[in-house]
Structure formats: C-alpha cells, structure tokens
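Not measured: the values here are computed from a predicted model.
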Amino acid sequence: MKKIILLLSVLCIAAVSNAQDIKTICNNINNLNTAILNGSIKRQDAAGQFKTLIDQLKKTGYKASSSGWVFPLKGYRSSAIGGTNGNGYSDKGYNFLDGNKHAAHPAHDIFINDRNQDCLDDRTHQPVDVLVVDDGIVIACTNEWDPSSSLRGGKFIWVYHPAQNFFTYYAHNQAIFVKPGDEIKQGQKIAEVGRTGYNAYKKRSPTHLHFSAFHLVNDLPVPYNPYLQLKKAKTI
C-alpha cells in the first residue's frame, strides 16, 4: 500500500510540474508574440525563439485527441462565412514575422446577426460564444485593447493543436475567457464575438469573428485555407 501511495504521489508531482512547464512555455510564447506584433524584436531572433519554444512545448508530452472540427461560433454554421465559397481568404504576402504589419487576409470572417453593432445576436439578444475547433493549448492571447490602438486583431487568441500540429487564431473578440497555458477541449467557450481591432471597430465593419488556421512549416506558422474543414464542422 505504501508503494502505491508513493507512486501516486510521484505521478501527481510530475503532473503538476508538467502543467507548470506548459504554462511557463506558453507565457514565453505570448511575450514573444507581443514583441513580434510590436516590431521590437529582429525577425531572425524571433524565428529562432519561436522554434525553441514550440520544441519545448512538444517535449512536455501534452496529449490531445482530434475528431474533426466544431464550428467556431455557437449556433452558427458555414453559411455565416463571408464571401462566396470562401473567396474572402487570401494568404498571398503573409508572413508571421511581420507582426501587426503583415499583408493579406489569411482568414475567414464569420459574421453574426448584429445589425445595431452591439455585439449581441439579434435573435437571442445574447453574446455569441467563440468555441475552440479542436483540443489544444492556448499559447498567446490578449484581453486588453484600446480603440486608439492600431492592433488589427484586437482581443485575440492563438491555440496550438498538438495532435495535428497546427494552430488556430481567433480575433476581434469582445471578451476572452482563457489565458496562456490553458489546456482546452474541443467545443469549449474561449471568447465572445466582438468588434475589437483597428478595422473591426469601425462602423463600416459588420460584427464578425476573424478565424485563421496555420500549419507549422520550417518551424513557423504558415497559413492554409480551412474552408473545407469549416464546411464540415459540427454546429453546437
């Protein structure tokens, strides 16, 4: 019995240590992402640090499953995606290391019913929940944004999905309910749709979620078009 108790104690200590490691690594990624957005770090240095941190995150042994996607807006489906057949997506000229100055629009804007732009669904009169599409770890986010800021993403979230080695990005949120290092499950509420961000805040912009997906290529996030995955995603 004493051996069993000792073994359980060791396993608990190891689990706590691993969780602390994940949180520390993700906080470092978050700080690095902020430096990239601000342009306060050289591109070569940023690339090297990002590779090192993602390698460290992989070595924590975090396990996640993958069983297809959940649509990232609760109560909505792919018909809410802007454009025709996903033609609003354009990744030409995008580079992660450009930070807030990046070109292109490697994303799909998913619009909610919000004619008066109060960030509430016109049918339910409630905020619209942003859901994570698959199991993952929050690696970067910010829950602060000022209307005078030039930050285009506003209140955003980056999630790493270890099972398939890809990232998702959720921007323009009104409120965020996660922090770096959080291990999140598919369909979990991570934010509420909003109008934060340099362009999204303006009256000409309908209220929407800016959603992107990225593969890891040469140790950096490179966008890919997730339209077909969004089309097949399950609505909650």
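- Ring geometry for His172 versus His208: interplanar angle over 60°, hence perpendicular rather than tilted (30 to 60°).
- Every residue two or more places apart in sequence or in another chain that forms a side-chain contact (heavy atoms from CB on, under 4.5 Å) with Pro147 is listed here: Trp145, Tyr201.
- Lys51 is linked by a side chain to side chain donor-acceptor pair (under 3.5 Å) to Asp55, counting only residues two or more places apart in sequence or in another chain.
- Evaluation of the side chain to side chain donor-acceptor pair (under 3.5 Å) rule for Asn85 yields no partner, not counting sequence neighbours.
- Here the closest heavy-atom approach between residue Thr207 and residue Gly194 is recorded as CG2-O, 3.6 Å.
- Remark: the backbone N or O of Thr124 is paired with a side-chain donor or acceptor of Asp121 at under 3.5 angstrom.
- Applying the ring pair (Phe, Tyr, Trp, His ring centres under 6.0 Å) definition to pairs two or more places apart or across chains, those involving residues 20-54 are Phe50-Phe96.
- Other residues, nucleotides and ligands place more than 12 heavy atoms under 6.0 Å from the NZ atom of Lys202.
- Between the CD1 atom in Ile22 and the OG1 atom in Thr60 there is a gap of 4.0 Å [rounded to 0.5 Å].
- Taking the six-membered ring where the residue is Trp, Trp158 and Tyr169 present tilted rings, their angle falling between 30° and 60°.
- Every residue meeting the side chain to side chain donor-acceptor pair (under 3.5 Å) condition with Arg43, not counting sequence neighbours, appears here in chain and number order: Asp98.
- Annotation: side chain to side chain donor-acceptor pair (under 3.5 Å) contacts of Gln126 (sequence neighbours excluded): none.
- Looking at residues two or more places apart in sequence or on another chain, you find a side-chain contact (heavy atoms from CB on, under 4.5 Å) between His161 and Val132, Val133, Asp134, Val159, Phe166, Thr168, Tyr170.
- Grouped with Val217 in one hydrophobic cluster are Val222, the linkage being side-chain heavy-atom contacts under 4.5 Å among Ile, Leu, Val, Met, Phe, Trp and Tyr residues.
- Taking the side-chain contact (heavy atoms from CB on, under 4.5 Å) definition, one finds that Asn165 meets it with Lys58, Tyr160, Leu216, sequence neighbours left out.
- Between Ile157 atom CD1 and Ile190 atom CD1 the span is 4.0 Å, to the nearest 0.5 Å.
- Note that the CG atom of Asp91 and the NE2 atom of His102 stand 11.5 Å from one another [nearest 0.5 Å].
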What side-chain donor-acceptor pairs closer than 3.5 Å can you find for residues 225-236, not counting sequence neighbours?
| from | atom 1 | to | atom 2 | distance (Å) |
| --- | --- | --- | --- | --- |
| Asn225 | OD1 | His108 | NE2 | 2.7 |
| Asn225 | OD1 | Tyr227 | N | 3.0 |
| Gln229 | OE1 | Tyr224 | OH | 3.0 |
| Thr235 | OG1 | Tyr76 | O | 3.0 |

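- Residues passing the salt bridge (charged side-chain N to carboxylate O under 4.0 Å, His left out) test with Asp109, sequence neighbours excluded: none.
- Membership of an apolar cluster is not assigned to Phe111, as no side-chain contact below 4.5 Å to another ILVMFWY residue is traced.
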